[in-house]
Amino acid sequence: MPKTIRRAVGPRLAEVENSCNCTALRKASRRVSQLYDEALAACGLRVTQLAILNQILRMGTPAMGELARALVMDRGALAHNVKPLERDGLIETVAGPADRRNRLIALTRAGRRKIVESERSWARAQQRFEASFGAKESAALRRALAFVASDGFLEAFQRPISALSPRS
């Protein structure tokens with residue numbers, strides 16, 4: 001790294017890429033997303049879109065806020081991501097039965113068919129990931145990432161550092 005940059009930002013920020021958990025997670029997430037997107041390309045879906053369709057399938061007909069929370073997404077980002085799914089007829093927005101102002105997201109028949117169509121491509125990507133990373137390591141990674149995505153981790157992160165004890 002050039003000296004001028006090190007002087008301008010300081011030694012800690014200059015080394016962030018090497019030790020920043022967020023940077024490491026984001027880089028890994030982008031790489032894995034690229035690989036899964038490539039595998040799903042023939043189906044016309046991106047892995048983010050498939051995740052949204054599958055979450056709707058699991059939840060039934062969730063409200064936008066419920067879906068955003070389940071996906072650990074900002075509502076604005078979710079709204080941006082559901083537009084192409086709605087445009088392509090894979091989901092539809094329906095009024096809530098109790099309060100018609102409440103927007104619910106429903107999977108259409110075409111959406112269900114798209115999930116079925118994508119299963120083989122997704123399974124191949126999953127198999128390739130596990131063959132490359134290891135089946136046990138993949139399972140451990142999913143458990144660790146599920147904890148990081150959990151409300152329990154969020155609560156721990158927001159506590160004062162003095163109240164935290166390292167996980168073992």
Residues which pass side chain to side chain contact (heavy atoms under 4.5 Å, CB included) with [X], listed by chain and number, not counting sequence neighbours:
X	answer
Leu154	Gln158
Ala110	Leu90, Thr108, Arg113
Arg112	Leu57, Leu107
Ser121	Leu40, Cys43, Arg124

List in chain and number order the residues that pass side chain to side chain donor-acceptor pair (under 3.5 Å) with [X], two or more places apart in sequence or in another chain; answer none if no residue qualifies.
X	result
Gln34	Arg31
Glu86	Thr93
Gln126	Tyr36

- Message: Using the rule given for side-chain contact (heavy atoms from CB on, under 4.5 Å), can you reason through Val32 versus Phe129, listing the C-alpha separation, both sets of side-chain angles and the distance that settles it, and then say yes or no?
- Response: CA-CA 8 Å; Val32 172; Phe129 184 98; 3.7 Å; yes
If you compare all heavy atoms of [X] against all heavy atoms of [Y], which two are closest, and at what distance to 0.1 Å?
X	Y	answer
Ala51	Leu71	O-CD2, 4.0 Å
Asn102	Ala63	OD1-CB, 4.0 Å
Ala106	Ile56	C-CG2, 4.3 Å

Quick test of your reading: applying side-chain hydrogen bond (donor to acceptor under 3.5 Å, both in side chains), list the pairs with at least one residue in [range], sequence neighbours left out, ordered by first then second residue.
range	answer
residues 142-154	Glu130-Arg142
residues 67-83	none
residues 43-62	Asp37-Arg46, Gln55-Arg58

Under 4.5 Å between side-chain heavy atoms, counting indirect links through other Ile/Leu/Val/Met/Phe/Trp/Tyr residues: same cluster for [X] and [Y] or not?
X	Y	answer
Leu35	Leu50	no
Leu145	Phe133	yes
Phe157	Val148	yes
Val72	Leu141	no

- Message: Restricting to salt bridge (charged side-chain N to carboxylate O under 4.0 Å, His left out), what partner residues turn up for Glu117, sequence neighbours left out?
- Response: Lys114
From [X] [atom1] over to [Y] [atom2], what is the distance, rounded to the nearest 0.5 angstrom?
X	Y	atom1	atom2	answer
Ile105	Leu85	CD1	CG	9.5 Å
Leu45	Ile115	CG	CD1	8.5 Å
Ser33	Glu38	OG	CD	12.5 Å

- Donor-acceptor contact present, side-chain Ser132 to main-chain Arg128, <3.5 Å: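 Looks like yes, one N/O pair under 3.5 Å.
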- Message: Under 4.5 Å side-chain heavy-atom separation, chaining through any Ile, Leu, Val, Met, Phe, Trp or Tyr, what else clusters with Val94? Say none if it is isolated.
- Response: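 Answer for Val94: Leu104.
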- Task: Determine, stepwise, if the pair Ile52 / Ile91 fulfils side-chain contact (heavy atoms from CB on, under 4.5 Å).
- Result: CA-CA 10 Å; Ile52 291 169; Ile91 62 168; 5.6 Å; no
